Amino acid sequence: MARTLIKYLPEKIGQTTSISGWVDVRRDHGKLIFIDVRDETGKVQVVITPKAEKVYEQAEILRSEWVIQLEGEVKARKENLINSNEPNGKLELVASSLTVLSNAETPPFTPTKDTLGLNEEARLAYRYIDLRSARMQKNIRIRSEWVQRCRSFLFSKGFIEIETPILTQSTPEGSRDFLVPSRHAPGNFYALPQSPQQYKQLLMASGFEKYFQIARCVRDEDLRADRGYEHSQLDLEMSFVTRDEVMDLIEEMIITVTEHFGKELKHKPFPRITYAEALHTYGADKFDMRSSDEKNRGVLAYAWVTDFPFFEKNDDDKWTFTHNPFSMPREDHINQHLKCERIGEIIAQQYDLVCNGFEVGGGSIRAHRPEILRATYKIMGYSDDEINASIDHMLRAFSYGVPPHGGIGMGIERGVMIATGEQSLREVQAFPMTGKGRVAVMNAPSPVSEKQMRELGLTLRKEKK
RNA sequence: GGAGCCGUAGCUCAACUGGUUAGAGCGCCUCCCUGUCACGGAGGAGGUUGCGGGUUCAAGUCCCGUCGGUUCCGCCA
């Protein structure tokens, strides 16, 4: 018999059908047993009486979280038996047949209740149970639809989706790399991408004028509630654009997507303020503009921050970039940039998108003229040889004809976390890590065999006695 | 790298200034129950208080170390 999704049972009243799902709750009244069955679309009450002798015997041993299949008639409930708190409260399935597809140990916690207050070690270790809970189901589904709507929007604007490599080159600047040893070149390493930055710029040189991808980005820096080793980034780049054109497009996308989800936006259009104004007004380059009432209502307050200083001094008193070495200086600062003069005053064509106190995106117009990019590295103290070793491939690519271009990367988890009102990234990730980078549902990181180490040209560290 | 908080039953928590046999609710097990929907009733099982050491007549409680979780600073183009 064909399976009916529980959500669609109201259409089947008076008919015999089949449902499959988990035992959510069992209420055993002796001669009368109620089973609430849950599938990914909803819940329904199943009634089992001794009239269906075999089913009744089977139902007596059912426990929470067993996976079962049932056949029976979908009946409208009598007026006095209606449960108005449940979407399917006006009907029930009177079982005529029951198949146990999988029995279940007593779960360490019940996904029938919200799991938010529970011990995170248990939630992460038994993530597959945690994810059964209504809130986690909702968050993961919102994330999926969020991404899908961004995709649809970008396709409608003529973008093409292109995947870039996961095994790529380590870059000395920026954050710490995750490294992957090479078997064919022992002692050499790939790096996992911190972002698709360089590849997407090469795509601009390749004639793909509007690119995007949902890119996995990896950084080996300490974790926080709003930051993990891995995150997904909605990454895009466009040729022949100005800063405002990129910002306008992203703003339209955010408004389209968030309003679909019924979210209230504090400002439309988004305020655009300079870095200097942000520091003066809020004391920070990311800030929360909402009143306490708006916070309670879950309002989203987006704003753009622009005109960041290109460089700042690091601990060694050397100049380093504040956001992105591939950015273009403001037009009126290009001359001093090329001459490496008044470096602290140079403003980058950089824009950050902030929302409710979080940075949710950042991008820039890029330096597509090789001499500007070269000057950036010169300012940071690179010798000609060091520049070539680091970014020769970019300079070379830009020497064969590249359009002016710019783009942005937007953190997907962070955006969904804010939109769902969650306090932690982990609430919108299916399989998050612990704060020290352990994979809770699997044993990672873990040792590898001596054979694997040998193949990679790596030496096992000797155990200390 | 640094700081705070936390770790007691499967889960959530309690145990006053160190003092009987470490308790409760939920869950779990057994029995009873034909209209519940967090069903109800009766009974029961379940603990090396994260781990190691120390102080003390006596440690869940105090001290030291360690492991784990979490939050923040550093860090995160």
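Small disclaimer: the values here were computed from a predicted structure and weren't measured. Each chain gets a letter, A, B and so on, in the order its sequence line appears, and its residues count up from 1.
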Exercise. Please list, chain by chain and in numerical order, all residues satisfying side chain to side chain donor-acceptor pair (under 3.5 Å) with A:Asp384, sequence neighbours excluded.
Key: none

Quiz prompt | Pairing partner (Watson-Crick or G-U wobble, both distances under 3.5 angstrom) of B:rG40 | solution = B:rC32

Quiz item: Which nucleotide, B:rU12, B:rG74, B:rC76, lies nearest any side-chain atom of A:Ser175?
Solution: B:rC76

Quiz prompt | Qualifying residues under side-chain contact (heavy atoms from CB on, under 4.5 Å), relative to A:Thr41, sequence neighbours excluded | solution = A:Leu5, A:Ile6, A:Lys7, A:Asp39

Quiz prompt | Contact residues, residues 192-199 of chain A to RNA chain B [heavy atom, < 4.0 Å] | solution = A:Ser195, A:Gln197

Quiz item: In residues 429-440 of chain A, what residues come within less than 4.0 Å of RNA chain B, judged by heavy atoms?
Solution: A:Thr434, A:Gly435, A:Lys436

Practice problem: Assess whether atom OH of A:Tyr8 is packed by more than 12 heavy atoms of other residues, nucleotides or ligands within 6.0 Å. | Solution: no

Quiz prompt | Parallel, tilted or perpendicular: ring planes of A:Tyr377 versus A:Phe326, cut at 30 and 60 degrees | solution = tilted

Self-check item: Sugar-phosphate only, base, or nothing, as touched by A:Arg176 at under 4.0 Å among non-hydrogen atoms
Solution: nothing

Quiz item: Is any side-chain nitrogen or oxygen of A:Arg227 closer than 4.0 Å to OP1 or OP2 of B:rC75?
Solution: no

Quiz item: Which value, in whole Å, describes the distance between the C1' atoms of nucleotides B:rA45 and B:rG1?
Solution: 48 Å

Exercise. Could you list the residues that satisfy side-chain contact (heavy atoms from CB on, under 4.5 Å) with A:Ile412, not counting sequence neighbours?
Key: A:Arg143, A:Val147, A:Ile214, A:Ser232, A:Leu234, A:Val416

Quiz item: Which is true for A:Glu92 with a 4.0 Å heavy-atom rule: it touches a base, it touches only sugar-phosphate, or it touches nothing?
Solution: base

Exercise. Step through the shown structure and confirm whether more than 12 heavy atoms of other residues, nucleotides or ligands are within 6.0 Å of CZ on A:Phe189.
Key: yes

Quiz item: Among residues 16-45 of chain A, which residues get a heavy atom nearer than 4.0 Å to RNA chain B?
Solution: A:Val25, A:Arg27, A:Asp28, A:His29, A:Gly30, A:Lys31, A:Leu32, A:Phe34, A:Asp36, A:Gln45

Quiz item: Between B:rU71, B:rG35, B:rC76, which nucleotide gets closest to the side-chain atoms of A:Val47?
Solution: B:rG35

Within the sub-3.5 Å range, which N or O atoms of nucleotides 45-48 of chain B have a protein N or O partner, and how far apart are they?
none

Quiz prompt | side chain to side chain donor-acceptor pair (under 3.5 Å) partners for A:Gln45, two or more places apart | solution = A:Arg27, A:Glu92

Quiz item: Would the number of heavy atoms belonging to other residues, nucleotides or ligands and lying under 6.0 Å from CD of A:Glu163 be above 12?
Solution: no

Exercise. Please list residues of residues 66-87 of chain A whose heavy atoms come under 4.0 Å from any atom in RNA chain B, ordered by number; otherwise none.
Key: A:Arg77, A:Leu81, A:Asn83

Heteroatom pairs (N/O) under 3.5 angstrom, protein to nucleotides 4-9 of chain B:
none

Quiz item: So what does A:Pro108 hit on the nucleic acid, given a heavy-atom distance under 4.0 Å: a base, only sugar-phosphate, or nothing?
Solution: sugar-phosphate

Quiz item: With under 30° as parallel and over 60° as perpendicular, where do the rings of A:Phe287 and A:Tyr282 fit, or are they tilted in between?
Solution: parallel

Self-check item: Those residues of residues 351-389 of chain A lying under 4.0 Å from RNA chain B by at least one heavy atom
Solution: none

Exercise. Using only side-chain N and O atoms of A:Arg123, determine if any of them is under 4.0 Å from OP1 or OP2 of B:rG69.
Key: no

Exercise. Among the candidates B:rU12, B:rC75, B:rG35, find the nucleotide nearest to the side-chain atoms of A:Leu118.
Key: B:rU12

Indicate every side-chain donor-acceptor pair of residues 15-23 of chain A with a distance under 3.5 Å to a residue at least two apart or in another chain.
from, atom 1, to, atom 2, distance (Å)
A:Thr17, OG1, A:Thr4, OG1, 2.6
A:Ser18, OG, A:Gln69, NE2, 3.4
A:Ser18, OG, A:Leu70, O, 3.4

